[in-house]
J.: 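Supplied in structure tokens, the structure appears directly below.
What you see is a predicted model, and the numbers here were worked out from it, not measured in a lab. FYI, side chains are in, hydrogens and waters are out, and symmetry mates aren't considered; it's all heavy atoms of this structure. Note on naming: letters A, B, ... go to the chains in the order of the sequence lines (proteins, then strands), and numbering restarts at 1 for each one.
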Amino acid sequence: MSKVLQSRINPSEYENEIYEKWLTSKIFHADEKSSKPPFTIVIPPPNVTGSLHLGHALDCTLQDILSRYHRLNGYEVLWQPGTDHAGIATQNIVEKELIKEGTSKNEIGREKFIERVWKWKEESGNNIINQLKKLGCSCDWDRLRFTMDDGLSDSVKTVFVKLYNEGLIYRSNYMVNWCVRCNTAISDLEVEFAETDDFMYHLRYPINDGSGDYVEVATTRPETFFADTAVAINANDERHQNLKGKSVILPIVNRVIPVIEDDFVDTEFGTGIVKITPAHDPNDFVVGKTHNLEMPQCIDLNGKITVGTADEFDGLDRYDARKKVVEKFRELSLLGEIVPLKHNVGKCYRCSTTIEPMISLQWFVDVKDMAKEAVKSVKNGDMRIVPSTWDNTFYDWMNNIRDWCISRQIWWGHRIPAYYCDDCNEIMVSVDTVTKCSKCGSSNIRQETDVLDTWFSSALWPFSTLGFPEETETLKKFYPTSVLVTGFDILFFWVVRMMMMGLKVMDKAPFKDIYLHALVRDEHGNKMSKSKGNVIDPLVTIEEYGADALRFTLTILAAQGRDIKLSVNRIEGYRNFINKIWNASRFVLMNCDDVALENKAELDLSKLVYEDKWILMQLETACKKVAKAMTNYSFNEAANELYQFFWLNFCDFYLEIIKPRLHSGDEDEKRIAINTAKYVIEKSMIALHPFIPFITEHLYGKFTDAETICFEEYPSNLDFKFDDESFMVQSAIDIINSIRNIRGEHNIAPSKGIEVFFEATDPKLNIMIETLSKMIKNIAKVDDIITDRKPDTEAVTVIGTGYKVMVVLDDLINIEDEIARLEKELKTLEKDHNIYGGKLKNENYLAKAKADIIEKDKEKFEEICSKMKTIKDTLVGLKSK
RNA sequence: GGACGCUUAGCUCAGCUGGGAGAGCAACGGCCUUACAAGCCGUGGGUCGCAGGUUCAAUCCCUGCAGCGUUCACCA
């Protein structure tokens, strides 16, 4: 590789090449036999159907930062990758393909269909993996797992059997959310509520006492009336005392149903009379149970009406039936008002079809006790949620958790390891295939056709991927994992279920920390969506700006507890930072001789000059702040610290300041300067590497003969003791800024040299100016700094802390303007003077404030006084002219 | 309805246990200074949502209010 760099960065020239290098040299491989302390992250497995979006990009960038950071800090890092089979989502995709081909899953049958899904998975399931590589993810790809591979299937079966044997998994007829399109039950979490414009229909049921009176019930779902088995009133409702003990007649089907009394009926709402349909409404189901009502169904699994007694409705779609029922009631003069109503309707989260509450025989996990254990673990600190604002939400949800419906009536997924004997009805649950009934010996056995909820297998992910149920070395070394990084949107779907399963199955919480990050939105805070056309495609972005730029942008914007508002503009801005690093390196490389480039920079502390010591102190401070930020997962702070350090301190100041030394002709002087610069770059590359891995690896290879940057030591333990020198340089920077300010304000051409008069009011600065005058002169383009006399004509003056600088201009300065400017400055100072002066006279303050605060304020006050005096003196001088 | 969060410069936001109001972008003025115009130098701009309270001291802690947002539960 050539050491010469172009002046503009082109990430595509090196990113792929670098990644290939990492792969071939097995940099990311985690060794279970290593003696280093383990650091483990399991990736939230993306769906095999997925394509990389910004959510993944953020999620994986943060995980990669943590992985690389810990590698640099001496940990044996395992970032465990994998993908999720995503039951319903994947099945839907393949089903659509079949329909396009003019066939269907039912036509080809279960076995062929599953074969087909596997084929699809082999062909396109690795898309997302390849996309993660583009981002630079340092996963141990040799350990890539899939939720349906053999090992993980064993895990699933083992855990299922364990929980079944402990009585925590049971089978029951219960009200579930049924998707009539996907033809499966889904869990409560998988139902999304959407506000919908609808109508409230008032229906009249004749009272069964020959009086000709009727009761009026209100419903949004008239089509369910076929399955009504009661109408309910509140026993305390004055209006309906006459209905107690009576019954009513369901019109059309002419079935008699009782009037029952139940507290759940709200006397304030509607007519105070509720139709009860236990089979198609969760609340009514509860009422039905308490009153022992029959629970006939009138809607089948496909959403079609089935009532044996009203043929004209049979087979109608539920919405068509609704219209027809309303019409029929109208014909019978039993229709009351129809009132428009906005309410929330549950939809399937995979296909948005309206959910039908349905009673069916399903498998459930009793999670109450497991939830308690998880809560305990968070409360006692075994697990920590970051940011902790999620704690309450977590507790609240866990305390109200309901049993988890885990069976799905689809084909793609882990088939439930339960077997039924057709002869004696015995149910057997087993890891191994059952061929013979354990009770009656019959071989008339069939396996449960339902599969498990996708989230059941992902709940086991932190240990199933590491080898469970085998007690592998990997499992021993890397479980429990260190931190889980994911979006808060799957806290309940996934995170809490991993917590419960980890504690239950492994007896240990699956991770120590849970870092929940926010969502990525567009620059105005809107959700990105194809229909809005505001989607930023990470792959396109990587192509144009490089993975490093995308990563750095996401990281620096990832403040805790707030959504990320991303724009291409921002990415471009941070691409410029990458370019800055590139050019700074280019500059240093140009000035290094070949010998220097063969080795890592070693500092000879005795030979360093002031600015060298200053930049080293700046480096040290920055790295320490990064280390601190990283322990709190404050990624944005860490990135910002490095950004400021590298660009402002190192590039804008240090590299500018050493230029004269590089061109002085003195080889020794040059070597020390460039060696320090090289040292700082090397350390900066390591410090930046977790955030922007590609360019740092690339450049590190140019500066040193190291094979890779990935295992260098993170520079968080630097300990230079150059406080005095650093202070001196800091003062010089102040003075330089003052001079630059005069130049800028008065439009003095940068190329034009000037004379500066310097007057110290703080004697310490006299030493400084003597020592550092060369540096100041160079960088501020000053011909001479005059300290032994005052200017003899009017000069522009800037008052700093402990000094003032004056510049005589070629053209006469406008004395009026200058006076006005100084008076304005004096006014601001007077304000501060009053604030601090008042404080220091306040006895309460002096008595109660901490000593160091008072000390600081005193210094500040003196500084203000001194500045004011200098300004006043200057004003007197100006006004006398 | 419950819970949580947000409100700081024109925009997007930092500001972690109370004691100096900051960054990036945008704006404006000036620079082709041989690493970088994807750059350099400089400048302006904020009663830190409103009203109280605690404190010697509040952007920060407490209470109330307003606006916005997220989430959970959903009444026929």
J.: Looking only at side-chain N and O atoms, does A:Asn636 come under 4.0 Å of OP1 or OP2 in B:C13?
T.: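 For A:Asn636, the contact criterion (side-chain N or O under 4.0 Å from OP1 or OP2 of B:C13) is not met.
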J.: From B:A23, B:A35, B:U70, pick the nucleotide closest to the side chain of A:Asn640?
T.: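 Of B:A23, B:A35, B:U70, B:A23 is nearest to the side chain of A:Asn640.
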J.: Which sits closer to the 5' end of RNA chain B, A:Thr271 or A:Leu189, going by the nucleotide each is nearest to?
T.: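 First, find each residue's nearest nucleotide; the 5'-ward one identifies A:Leu189.
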J.: Look at the side chain of A:Val274 and decide which nucleotide, out of B:C13, B:A76, B:U43, has an atom nearest to it.
T.: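 Nearest nucleotide to the side chain: B:A76.
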J.: Less than 4.0 angstrom between a side-chain N/O of A:Asn741 and OP1 or OP2 of B:G42, yes or no?
T.: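 For B:G42, OP1/OP2 do not have a side-chain N/O of A:Asn741 under 4.0 Å.
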J.: For nucleotides B:G46 and B:C16, find the distance between their C1' atoms and express it as a whole number of Å.
T.: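 Comparing C1' positions in B:G46 and B:C16 gives a spacing of 23 Å.
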J.: How far does the C1' atom of B:C11 sit from the matching atom of B:A27, given to the nearest Å?
T.: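 Result for the C1' pair: 11 Å, nearest Å.
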J.: Kindly say whether, by distance alone, the side chain of A:Glu641 makes a donor-acceptor pair under 3.5 Å with the base of B:A23?
T.: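 Such a pair does not exist between side chain and base.
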J.: A:Phe653 CZ to B:G42 P: how many Å, rounded?
T.: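 That distance rounds to 10 Å.
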J.: Where the side chain of A:Gln644 is concerned, which of B:U70, B:A23, B:U8 is the nearest nucleotide?
T.: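 Ranking B:U70, B:A23, B:U8 by closest atom to the A:Gln644 side chain puts B:A23 first.
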J.: What's the closest nucleotide to the A:Tyr845 side chain, out of B:C41, B:C56, B:A38?
T.: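 Closest nucleotide to the A:Tyr845 side chain: B:C56.
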J.: Consider the side chain of A:Lys565, meaning its heavy atoms from C-beta on, and name the nucleotide among B:U12, B:U70, B:G19 that approaches it most closely.
T.: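 So the nucleotide nearest the side chain must be B:U12.
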J.: So if I take every side-chain heavy atom of A:Lys839 and compare against B:U33, B:G19, B:A38, which nucleotide ends up nearest?
T.: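 Nearest to the side-chain atoms of A:Lys839, counting from C-beta on, is B:G19.
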J.: For the rings on A:Tyr515 and A:Phe635, is their centre-to-centre separation under 6.0 Å?
T.: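 Yes - the distance between ring centres of A:Tyr515 and A:Phe635 falls below the 6.0 Å cut-off.
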J.: To the nearest angstrom, how far is A:Ile733 atom CD1 from B:C41 atom C1'?
T.: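 A:Ile733 atom CD1 is separated from B:C41 atom C1' by 15 Å.
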J.: For A:Asp198 and A:Thr220, which I'm curious about, is there any donor-acceptor pair between the side chains at under 3.5 Å?
T.: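 The criterion, which ignores hydrogens and geometry beyond distance, is not satisfied for A:Thr220 and A:Asp198.
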J.: Kindly confirm or rule out a cation-pi arrangement of A:Lys856 over A:Phe861, judged by NZ or CZ under 6.0 Å from the six-membered ring centre and within 45° of its axis?
T.: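 Checked: cation-pi criterion not met.
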J.: Has A:Asn583 got a side-chain N or O lying under 4.0 Å from the OP1 or OP2 atom of B:G39?
T.: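 No, no such contact exists.
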J.: Given atom CH2 of A:Trp390 and atom P of B:U70, what is their separation to the nearest angstrom?
T.: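 In whole Å, B:U70 P lies 12 Å from A:Trp390 CH2.
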J.: Starting from P on B:C36, measure out to CG on A:Leu699 and report it in whole angstrom.
T.: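 Going from CG in A:Leu699 over to P in B:C36 covers 16 Å.
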J.: Below the 4.0 Å mark, does B:G30 have OP1 or OP2 next to a side-chain nitrogen or oxygen of A:His746?
T.: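 It does not, given that no N or O in the side chain of A:His746 lies less than 4.0 Å from OP1 or OP2 of B:G30.
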J.: The side chain of A:Asp857 is closest to which nucleotide in this list: B:G39, B:G19, B:C56?
T.: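 Of the candidates, B:G19 comes closest.
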J.: Using the benzene-type ring in the case of Trp, are the ring centres of A:Phe394 and A:Phe492 under 6.0 Å apart?
T.: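 Centroid separation for A:Phe394 and A:Phe492: 6.0 Å or greater.
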J.: Testing the 3.5 Å rule here: is there a donor-acceptor pair between the side chains of A:Thr271 and A:Glu216?
T.: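 On atom types as modelled, these side chains do not qualify, holding no pair under 3.5 Å.
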